[in-house]
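Let me begin by presenting the structure, written as structure tokens, before commenting on it.
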Amino acid sequence: MSRLDIFIARMTSQRACIDFAVQETAGMTGPVFELGLGNGRTYHHLCEIVTGRDIFVFERAVESNPASTPPEERTMLGDVFDTLPKALERFGATASFIHADLGGHNLQKNDEFARKISPYVEPLLAAGGLMVASDRMYFDAMQEIEIPAGAVSGRCFIYRK
Ligand SMILES: C[S@@+](CC[C@H](N)C(=O)[O-])C[C@H]1O[C@@H](n2cnc3c(N)ncnc32)[C@H](O)[C@@H]1O
């Protein structure tokens, strides 16, 4: 598989899993959390398809395309290891959907990061809430569920609380 193939598989999987998770949680009212703004492509997609729920973005340095930059009052600026505990104090276990795309190119580092961040993410989700991640997560009580048609195995993971 070429790097282009891998990139396309990742993007296609991200969109298929996000679309699935937003649809599955459409009956829930709790906020949606986007972990890792980057260029803002997935945030922009969420803005297009999520209705009736606030979207909060967690990012340490906002450098997104101006067309997909979240408003300041819904940007949790800083390292997620600081901002996620603050979000738990503020929102409790209410998130209906969390999307995380925090990794880089080093797969081993991504896995180490996923192990560390998992216990910070799990308490934020409401019962029945979903998480979509670009890396395998390590949750205590959340179940991994099947990825939808169109997503490529190993490129995206979905978990339900
Ligand atoms: C791969 S990019 C996200 C791309 C985004 N999904 C898009 O569609 O444009 C990852 C982002 O996560 C952010 N990030 C990585 N580790 C972080 C941390 N510990 N705290 C906050 N943000 C972090 C990086 O700054 C980067 O902007």
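What you are looking at is a predicted structure, and each value in this text was computed from that prediction instead of being measured.
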- Message: Would V57 and V62 count as a side-chain contact (heavy atoms from CB on, under 4.5 Å) here? Give the steps.
- Response: CA-CA 10 Å; V57 176; V62 173; over 6 Å; no
- Kindly determine whether L84 and I117 satisfy side-chain contact (heavy atoms from CB on, under 4.5 Å), including the steps that lead there. CA-CA 9 Å; L84 290 176; I117 201 72; 3.7 Å; yes
- Just do the side-chain contact (heavy atoms from CB on, under 4.5 Å) check on F97 and V22 with the steps written out, would you? CA-CA 7 Å; F97 171 43; V22 167; 3.8 Å; yes
- Task: For F113 and N106, run side-chain contact (heavy atoms from CB on, under 4.5 Å): C-alpha distance rounded to whole Å, both residues' side-chain angles, the deciding distance at 0.1 Å, then the answer.
- Result: CA-CA 11 Å; F113 187 87; N106 185 320; over 6 Å; no
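Between the side chain of K161 and the main chain of A127, no donor-acceptor pair closer than 3.5 Å is present. A donor-acceptor contact shorter than 3.5 Å links the side chain of S68 to the backbone of N39. Remark: the backbone N or O of D135 is not paired with any side-chain donor or acceptor of N110 at under 3.5 angstrom. Here the side chain of E122 pairs no donor or acceptor atom with the backbone of F139 at under 3.5 angstrom.
By the rule that hydrophobic residues join a cluster once side-chain heavy atoms approach within less than 4.5 Å of another member, I55 and I98 end up as members of separate clusters.
Aromatic pair Y159/Y138: ring centres not closer than 6.0 Å.
Sorted by first and then second residue, the ring pair (Phe, Tyr, Trp, His ring centres under 6.0 Å) pairs involving residues 34-57 (not counting sequence neighbours) are F56-F91. Listed by first and then second residue, the salt bridge (Lys or Arg N to Asp or Glu O under 4.0 Å) pairs involving residues 11-34 are E24-R160 (not counting sequence neighbours). Residues in residues 87-114 take part in these salt bridge (Lys or Arg N to Asp or Glu O under 4.0 Å) pairs, two or more places apart or across chains: R10-D101, D111-R115.
For F7, the CZ atom sits in a loose shell: 12 or fewer heavy atoms of surrounding residues, nucleotides or ligands are nearer than 6.0 Å. Crowding of E144 atom CD: a count of heavy atoms from other residues, nucleotides or ligands under 6.0 Å exceeding 12. More than 12 heavy atoms of other residues, nucleotides or ligands sit less than 6.0 Å from atom CD of E73.
Checking each of L77, D82, T83, T75 against F58 for a side-chain contact (heavy atoms from CB on, under 4.5 Å) leaves exactly one that passes, namely T83.
Between S2 and D5, the side chains place a donor N or O and an acceptor N or O closer than 3.5 Å (distance only, hydrogens not considered). Residues S96 and R53 have side chains that bring a donor and an acceptor to within less than 3.5 angstrom of each other.
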